[in-house]
Every structure is written in C-alpha cells, then in structure tokens.
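Read the structure below first, then the notes.
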Amino acid sequence: MINVHRTDRNILALDLAELQHLSNTIHTQGLVVFTDQNMTESDFCALGRKFGEPEAPGLFMNPTEHPEIYLVTGRRDSAGNKLGMFGNTELGWHSNGNSRHLIDKILVMLYCVNPDHNTCTSWCNTTLPFYDLSESDREYWRTIKIRLKFQNNVWAHLEDEDDPELAILSGHSGSIRPLVGRHPHTGFEYFYFPYDFIIKAWQGSKQIDHTLMIERLKKIIFRQRYQYHHIFQSGDLILSDQFTSLHRRTPVQDDHRLLWRLAGDFTKIHRKNNNEETP
C-alpha cells in the first residue's frame with residue numbers, strides 16, 4: 001500500500017506553515033489521515049475555509065445552519081425521504097465532480113461522526129502509476145481524451161426515479177477532458193480515470209474503443225501498492241486530493257453511519273514548491 005501520512009495530532013491546532021506542508025502532502029500522496037479528532041460542525045467548516053473556499057450549494061443533504069457540510073448517510077426521515085447523499089449503495093471509483101464540466105473543488109474532507117465497522121473506503125493514488133510507466137507509454141496516454149457523463153446503475157445504484165440525488169447527477173452535462181491531467185499546484189501529471197463515467201475516448205481526433213482502454217488502464221492503475229483502505233472510526237478525518245486520487249466504498253449496512261463531507265479548494269493555503277521532485 002502507499003505510505004499514507006497518518007497522525008492523531010489535533011488538526012485544528014496546526015499553524016499556517018504546518019497546514020501548507022500538509023497541503024503539499026495531500027497533493028503528493030493523494031490523502032492524509034487524522035484520527036481521534038473532536039470537531040463540531042462549526043469547527044469542520046472553519047477548517048475547510050483555512051484551505052480555501054468550500055462549496056455550499058444548499059441541496060437537500062446540506063444542513064441549513066452549515067451549508068458547507070454534505071451529510072453522507074443512508075438515514076431517511078419519517079416520510080422516507082433521503083437525508084444525505086449516496087445512501088447505502090456501493091460506490092465505484094470516483095472523485096468529486098466527475099459528471100461536471102468545471103472541476104475546481106479538488107479538496108474533499110470526510111469526518112466520521114458515526115461509523116459502520118462493516119464498510120470500507122479505499123483510495124488509489126493516480127500520479128504514481130503514471131510515473132512508473134516508460135516515457136513512451138506516458139507519451140501515448142497523453143494523446144488520449146475522454147468523454148465523461150454520469151450513468152445510473154454503473155457507478156452507483158439510484159433506483160427511485162424521484163430520487164433527488166438522481167436528478168442532480170443526471171442534470172450535469174459532463175465533460176471532455178484529457179486522460180492525463182497536470183495538477184494546478186504541483187505540476188505533476190496524473191491519470192484522470194473515474195472509469196464508470198467514461199462513455200467515449202479518442203486518440204487525437206480518432207475515436208477508440210473506450211471499453212478496451214478502460215480494461216488496459218485498470219491493470220496499470222489499480223495495483224495494491226497504489227491503494228489505501230480505511231474503515232472509519234468515530235473522530236477519523238481524511239483529506240484527499242481529487243486529481244491525484246480516486247476513492248470507492250463498499251455497501252453500508254448500518255443506517256446510523258454518518259460522515260460529514262466538505263468539498264473545497266486549496267486557494268488560501270497552497271504554497272507551490274518549485275523544487276519538488278517527480279514522485
């Protein structure tokens with residue numbers, strides 16, 4: 001597995017220089033893990049604002065008092081309405097914004113309020129497998145563009161036609177983007193590979209079989225040495241970069257499982273280090 005930075009230090013006590021160093025670690029490793037944290041909703045939102053600007057879209061899963069927080073839970077109200085996003089379904093590999101045209105919220109923070117000890121979340125670094133390739137292979141993958149669009153019952157199963165989350169995801173136009181991106185803060189290249197969202201692919205101007213491309217890349221990217229697996233405990237906090245990592249989740253068995261999720265950016269905290277070396 002990748003060597004993930006893991007600590008029980010109080011993240012709220014870190015000073016600016018420590019948060020800047022943490023930011024660079026997130027970009028390089030894809031994620032960092034903090035255990036035994038003790039945060040209120042206000043603490044969590046304030047932490048996100050230290051890094052950059054969180055989104056607060058005012059959707060059904062965003063609490064009115066703390067609209068930056070997304071509730072991740074399978075709980076429903078007395079009328080059977082969803083209270084949080086994703087429900088209890090298994091989630092395939094993804095990152096924030098895969099079905100959107102503009103992807104600017106590249107920091108996702110997940111804080112565990114109530115765990116489900118049967119549910120595992122996994123992360124995969126998408127920079128390291130790129131740099132482990134030969135230069136000729138890297139150059140080939142740089143020529144590929146992909147078309148991404150949400151497809152129900154592929155990445156996740158949202159079965160109710162009146163599911164508000166299904167309407168939100170289906171309403172996104174999707175995007176066409178390079179398979180190999182360059183990180184806006186570090187300059188490192190990475191595979192952008194949420195494959196459940198890929199519906200077309202091109203090499204230059206020639207369309208190629210995207211299903212064959214996907215199967216080839218799975219063998220390159222999803223190796224154990226690039227992955228980290230985590231069963232959330234109460235007080236766990238994970239911060240992950242949405243360009244240099246993908247994540248997935250096994251099904252949730254306990255409706256009381258609750259994570260707070262925040263999607264933001266690094267515009268306030270990031271300090272670019274021009275002396276960084278290739279991973």
Checklist entry - Is the backbone N or O of Cys120 less than 3.5 Å from a side-chain atom of Thr250, with the two atoms forming a donor-acceptor pair by type? => result yes
Item to check | Heavy-atom closest pair, residues Trp93 and Trp123 | outcome: CZ3-C, 3.9 Å
Checklist entry - Do Gln203 and Ile144 touch side chain to side chain, with heavy atoms closer than 4.5 Å? => result yes
Next on the checklist: A side-chain contact here means heavy atoms from C-beta on lying under 4.5 Å apart; do Leu246 and Thr126 qualify?
Outcome noted: yes
Item to check | Verdict with supporting geometry, Thr28 and Thr244, side chain to side chain contact (heavy atoms under 4.5 Å, CB included) | outcome: CA-CA 7 Å; Thr28 303; Thr244 55; over 6 Å; no
Checklist entry - Linking I/L/V/M/F/W/Y whenever any side-chain heavy atoms sit under 4.5 Å apart, do Leu239 and Ile231 land together? => result no
Checklist entry - Does a side-chain heavy-atom distance below 4.5 Å link Ile198 with Leu148? => result yes
Checklist entry - Under a 4.5 Å side-chain heavy-atom rule over Ile, Leu, Val, Met, Phe, Trp and Tyr, are Trp141 and Ile176 clustered together? => result no
Checklist entry - Under the 3.5 angstrom rule, does the side chain of Gln37 hit a backbone N or O of Arg9 as a donor-acceptor pair? => result yes
Item to check | Derivation of the side chain to side chain contact (heavy atoms under 4.5 Å, CB included) call for Arg147 and Trp202 | outcome: CA-CA 9 Å; Arg147 169 83 166 101; Trp202 299 264; 3.7 Å; yes
Checklist entry - Which word best sums up how the rings of Phe232 and His230 line up, parallel for under 30°, tilted for 30 to 60°, or perpendicular for over 60°? => result perpendicular
Next on the checklist: If you apply the rule side-chain hydrogen bond (donor to acceptor under 3.5 Å, both in side chains), what do you find for Ser136 with Ser134, and how did you get there?
Outcome noted: CA-CA 5 Å; Ser136 61; Ser134 67; 3.1 Å; yes
Item to check | Contact check, side chains of Tyr195 and His210, non-hydrogen atoms, under 4.5 Å | outcome: no
Checklist entry - Taking the side chain as C-beta and beyond, is there a heavy-atom pair between Met39 and Leu12 under 4.5 Å? => result yes
Checklist outcome for this item: Separation between CG (Leu31) and OG1 (Thr25), nearest 0.5 Å, reads 11.0 Å
Checklist outcome for this item: When every non-hydrogen atom of Phe197 is compared with those of His94, the smallest separation belongs to CE1-CB, 4.1 Å
Checklist entry - For Val180, does its backbone N or O pair with a side-chain atom of Glu189 as donor and acceptor, under 3.5 Å? => result no
Checklist outcome for this item: Value for CG (Asp241) from CG (Asn24), rounded to nearest 0.5 Å, stands at 10.5 Å
Checklist entry - Does Ile199 belong to the same Ile/Leu/Val/Met/Phe/Trp/Tyr cluster as Leu179, with side-chain heavy atoms less than 4.5 Å apart forming each link? => result no
Item to check | Full working for side-chain hydrogen bond (donor to acceptor under 3.5 Å, both in side chains) between Asn125 and Tyr228 | outcome: CA-CA 9 Å; Asn125 186 295; Tyr228 171 77; over 6 Å; no
Checklist entry - Under a 4.5 Å side-chain heavy-atom rule over Ile, Leu, Val, Met, Phe, Trp and Tyr, are Val252 and Ile238 clustered together? => result no
Checklist entry - Is the closest side-chain heavy-atom distance between Phe44 and Leu237 below 4.5 Å? => result yes
Item to check | From OG1 (Thr127) to CZ (Phe188), nearest 0.5 Å | outcome: 8.0 Å
Next on the checklist: Below 30° counts as parallel, above 60° as perpendicular, anything between as tilted: where do the rings of Tyr190 and Phe243 land?
Outcome noted: parallel
Checklist entry - Does NZ in Lys200 sit with more than 12 non-hydrogen atoms of other residues, nucleotides or ligands closer than 6.0 Å? => result no
Checklist entry - His27 and Phe266: aromatic ring centres closer than 6.0 Å? => result yes
Next on the checklist: Check whether Ser23 reaches the backbone of Leu19 with its side chain - one donor and one acceptor, N or O, closer than 3.5 Å.
Outcome noted: no
Item to check | N/O donor-acceptor pair under 3.5 Å between His66 side chain and Glu68 backbone | outcome: no
Item to check | Main-chain N/O of Pro251 paired with Gln253 side-chain donor or acceptor, under 3.5 Å | outcome: no
Checklist entry - Are the side chain of Arg49 and the backbone N or O of Pro54 linked by a donor-acceptor pair below 3.5 Å? => result no
Checklist entry - Counting only heavy atoms not in Asn3, do more than 12 sit closer than 6.0 Å to its CG atom? => result no
Checklist entry - Asn62 versus Tyr70: any side-chain heavy-atom pair under 4.5 Å? => result yes
Item to check | Pairwise distance CG(Leu16) to CG(Leu22) - rounded to 0.5 angstrom | outcome: 11.5 Å
Item to check | Expected output: side-chain Arg177 to main-chain Ile146 donor-acceptor under 3.5 Å | outcome: no
Next on the checklist: How about CG on Asn38, more than 12 heavy atoms from neighbouring residues, nucleotides or ligands closer than 6.0 Å, or not?
Outcome noted: no
Item to check | cation_pi(Arg249, Phe86) dist<6.0 Å, angle<=45 | outcome: no
Checklist outcome for this item: When every non-hydrogen atom of Phe191 is compared with those of Pro129, the smallest separation belongs to CE1-C, 4.2 Å
Checklist entry - So with a 6.0 Å cut-off around NZ of Lys145, is the heavy-atom count from everything else above 12? => result no
Next on the checklist: Would you say that Val33 contacts Asp236 through its side chain, given a criterion of any heavy-atom pair below 4.5 Å between the two side chains?
Outcome noted: no
Next on the checklist: Walk me through whether His183 and Ile106 qualify under side chain to side chain contact (heavy atoms under 4.5 Å, CB included).
Outcome noted: CA-CA 10 Å; His183 198 281; Ile106 62 171; 4.1 Å; yes
Item to check | Test item: Asn96 side-chain N/O and Lys105 main-chain N/O as donor-acceptor pair under 3.5 Å | outcome: yes
Checklist entry - Is the side chain of Ser234 donor-acceptor paired with the backbone N or O of Val113 at a distance under 3.5 Å, no angle test? => result yes
Item to check | Distance in Å, Leu83 CG paired with Phe60 CZ, rounded so as to fall on 0.5 Å steps | outcome: 8.5 Å
Item to check | His229 atom NE2, over 12 foreign heavy atoms within 6.0 Å | outcome: yes
Next on the checklist: For Phe34 and Thr7: C-alpha separation, side-chain torsions, deciding distance, then whether side chain to side chain contact (heavy atoms under 4.5 Å, CB included) applies.
Outcome noted: CA-CA 5 Å; Phe34 284 79; Thr7 179; 3.4 Å; yes
Checklist entry - If you round to the nearest 0.5 Å, how far is NZ of Lys268 from NZ of Lys50? => result 11.0 Å
